[in-house]
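Each remark here refers to the structure printed beneath this line.
Letters go in sequence order (proteins before strands), and every chain restarts at 1. Heavy atoms only: backbone and side chains are in, while hydrogens, waters and symmetry mates are out.
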2 protein chains.
Amino acid sequence: MADIPLHRRIYEQLRKHISEGLYIEGSLLPSENELCSLHNATRPTIRKALDRLAVEGFITRQQGKGSIVKGAPKGVGILSITGTTLAIGSEKLDTKTIVKPEIRSWKKAFSFELTELEKEVGCIYFERLRLVNGKPVFFDITMIPNINLPRFVSRNHEIPSLFNMLREQYNIEVKGGEQKIMAVNANKTIQNHFQLKPDAPVIQLDRKIITSKPGFCFYSQVFCNAQEYALYGTF
Amino acid sequence: MADIPLHRRIYEQLRKHISEGLYIEGSLLPSENELCSLHNATRPTIRKALDRLAVEGFITRQQGKGSIVKGAPKGVGILSITGTTLAIGSEKLDTKTIVKPEIRSWKKAFSFELTELEKEVGCIYFERLRLVNGKPVFFDITMIPNINLPRFVSRNHEIPSLFNMLREQYNIEVKGGEQKIMAVNANKTIQNHFQLKPDAPVIQLDRKIITSKPGFCFYSQVFCNAQEYALYGTF
DNA sequence: ACACTTTACTTGTATATACAAGTTGTTCAG
DNA sequence: CTGAACAACTTGTATATACAAGTAAAGTGT
């Protein structure tokens, strides 16, 4: 078996099935006991997977009735742990690299402070424009500490999905993060990318992303053209 | 005992203690086993409380070491389940009623659709301005279906904390919800309340809030002066 | 003094079990 | 036919237990 915990594998499989429409919106998921048999697990394990699906808005649960499928969250689930690629779905998402990955020095990561080690090693910097159904919706700047990422810059000129890339090439899993959300007026650069009028409001997200590699975080600043796509979240 | 589950009571007590600074930021929480003794509970119960604290960013956990106190989330944790009052802390938060609760008819609740029943009964409508440290930061419009809330309008001319009021007067607990997040330019009303220039960007949240009472949801639209206070969340 | 092992902690995962509480359909008396 | 009671489900809560895996400090041998 993989070393990915059982409850996480079950969560991911169920989420995939819901996203793909295998379970119809509004219908009921198999009961917890049925899922136990299906996955050879016990209820607490199944419930841990369902808890997470509920937190992320894929299902709601009703005592006495069952787990009601709500489908993949509408709008953009970018506020959750998933990266942009997963939140939007790669078939709808195009990525255009504005600034290719390069080594830079840094003293701060947007509104987040850095450790001394992070400052010393510098960062890998790149900018991407993300298009949903052909329309530019996200512009994101990413800064990754230049630690133990051999051949990152030379190997990756285009990065369609950072989360997948880190997992596949470096075995680094994203665990979570924190973010600040602001409303700002689009600057010239953003106006150009999103084709907006001056003073158009956009959402700015400053994110610190925590990984499975202890002490290894990376940072991104995302501007969202939230006139077309509202960000969406559950709580 | 109250009918509030044990894991929830433990969660709330720990959160309170962390918020109040009883546990110092960066230090370790008592170990899970110690918490078991303290609260006369077993580890799965304690862990359920800690899971939630971790999701909401009050603690992080490290295997082999312990639960590290991160303190109350900086900025405004309004994206989580807590109401504004709890997210900000009532000592800092003032509430000014702009439109007192009154019965209105409705066909939609902001961007959310209503059921036929909800449309028929109409809603209780009110507007409030929330001031943090004396400065206006939130303007919220609330719409509550007029179902089984006797004497709501006559009894509550001022509503400093809606979540508390529903719990105390009607035994209704907030379970969660969903929200859409947008960036918009402040309209005249908002400009006045927040004392902003024309075209200043603000964050707009459309929220549907789900309660412990089956089928009973309420809705609010919140405008945030996010120039002063960034919204904050973990994922 | 240094490096290695051991030991005693910590959290992470998973099972097995029990009962409470809410929903829904069926059965049965009137 | 109607309505109340019941049975068979569902999820919610909680206990008790076991072992795995990571951390850190104490002990050990060189």
Side-chain angles (χ1 to χ4, degrees), chain A residues 1-14 23 26-55 58-70 171 173 175-176 210-216, chain B residues 1-14 23 26-55 58-70 171-176 210-216:
Chain A
M1 286 288 177
D3 61 346
I4 296 172
L6 181 56
H7 64 82
R8 200 168 193 284
R9 293 205 304 274
I10 295 171
Y11 153 80
E12 284 178 354
Q13 186 183 326
L14 286 171
Y23 295 115
S27 68
L28 293 179
L29 229 53
S31 78
E32 294 177 359
N33 283 320
E34 287 172 316
L35 290 172
C36 288
S37 314
L38 282 171
H39 294 91
N40 283 311
T42 52
R43 263 191 79 207
T45 305
I46 294 294
R47 281 184 65 79
K48 190 152 187 180
L50 294 179
D51 281 345
R52 187 161 165 193
L53 289 171
V55 164
F58 288 91
I59 62 172
T60 59
R61 288 146 107 189
Q62 194 178 340
Q63 190 177 138
K65 199 171 180 185
S67 298
I68 303 155
V69 178
K70 288 191 69 182
N171 200 29
E173 285 275 348
K175 272 180 68 178
I210 296 163
T211 70
S212 57
K213 196 183 173 86
F216 183 76
Chain B
M1 285 291 173
D3 61 347
I4 296 172
L6 181 56
H7 64 82
R8 200 168 193 286
R9 292 205 304 274
I10 296 170
Y11 153 79
E12 284 179 354
Q13 185 183 326
L14 286 170
Y23 296 114
S27 67
L28 293 179
L29 229 51
S31 77
E32 294 178 359
N33 283 321
E34 286 172 317
L35 290 172
C36 289
S37 314
L38 282 170
H39 293 92
N40 284 310
T42 53
R43 262 190 81 206
T45 307
I46 295 293
R47 282 184 65 78
K48 188 151 188 180
L50 294 179
D51 281 345
R52 188 160 163 193
L53 288 171
V55 164
F58 288 90
I59 62 172
T60 58
R61 288 146 108 191
Q62 194 177 340
Q63 191 176 142
K65 199 172 181 186
S67 299
I68 302 153
V69 178
K70 288 192 71 182
N171 200 31
I172 294 174
E173 286 275 346
V174 170
K175 274 180 67 179
I210 295 162
T211 69
S212 56
K213 195 185 173 86
F216 183 76

Quick check: do B:Leu29 and B:Ile59 have side-chain heavy atoms less than 4.5 Å from each other? yes
Specify the closest pair of heavy atoms between A:Arg61 and A:Ser67, including all atoms of both residues, with the distance to one decimal. CG-OG, 3.4 Å
Ranking A:Pro44 and A:Lys65 by the position along DNA chain C of their nearest nucleotide, the one closer to 5' is A:Pro44
Side-chain atoms of B:Pro5 come closest, of D:dA14, C:dT10, D:dT10, to D:dA14
Tell me the interatomic distance from A:Gln63, atom CD, to D:dC9, atom P, rounded to whole angstroms. 17 Å
Whole-Å distance, B:Asn33 CG to C:dA8 P, equals 16 Å
Using a 4.0 Å heavy-atom cut-off across all strands, classify A:Asp51 as base, sugar-phosphate, or nothing. nothing
A:Arg9 side chain to A:Ile4 backbone, donor-acceptor under 3.5 Å: yes
Quickly work out the B:Ile59 CD1 to C:dT11 C1' distance and round it to whole Å. 11 Å
Among C:dT15, C:dT11, D:dA16, the one nearest B:Thr42 by side-chain distance: D:dA16
In whole Å, I'd like the distance from the NE2 atom of B:His39 to the C1' atom of D:dT13. 17 Å
Can you see which heavy atom on A:Gly26 is nearest to which on A:Ile68, and at what distance? O-CG2, 3.9 Å
Any donor-acceptor pair under 3.5 Å between the side chain of B:Arg61 and the base of D:dG22? no
Between A:Asn40 and A:Leu6, what is the shortest heavy-atom contact and its length? O-CD2, 4.4 Å
On the nucleotide D:dT23, are OP1 or OP2 found under 4.0 Å from the side-chain N or O atoms that B:Gln62 carries? yes
Is the phosphate of C:dT13 approached by A:Thr45 (side-chain N or O, under 4.0 Å from OP1 or OP2)? no
D:dA14 P sits how many Å from B:Arg9 CZ, rounded? 7 Å
Counting just side-chain N and O atoms, does B:Lys48 come under 4.0 Å of either OP1 or OP2 of D:dA14? no
Could you work out which one of D:dA14, C:dG12, C:dA14 sits closest to the side chain of A:His7? C:dA14
To the nearest Å, give me how far apart CG (B:Leu50) and C1' (C:dT13) are. 15 Å
Expressed in angstrom and rounded to an integer, what is the separation of B:Glu32 atom CD from C:dG12 atom P? 6 Å
Taken to the nearest whole Å, CD1/A:Ile4 to P/C:dA14 is 11 Å
Using a heavy-atom cut-off of under 4.0 Å over every strand shown, decide if B:Leu6 touches base, sugar-phosphate, or nothing. sugar-phosphate
Donor-acceptor pair (no angle test) under 3.5 Å: B:Arg43 side chain, C:dG12 base: yes
Have a look at B:Ser31 and say if it touches a base, only the backbone sugar-phosphate, or nothing, with a 4.0 Å heavy-atom cut-off. sugar-phosphate
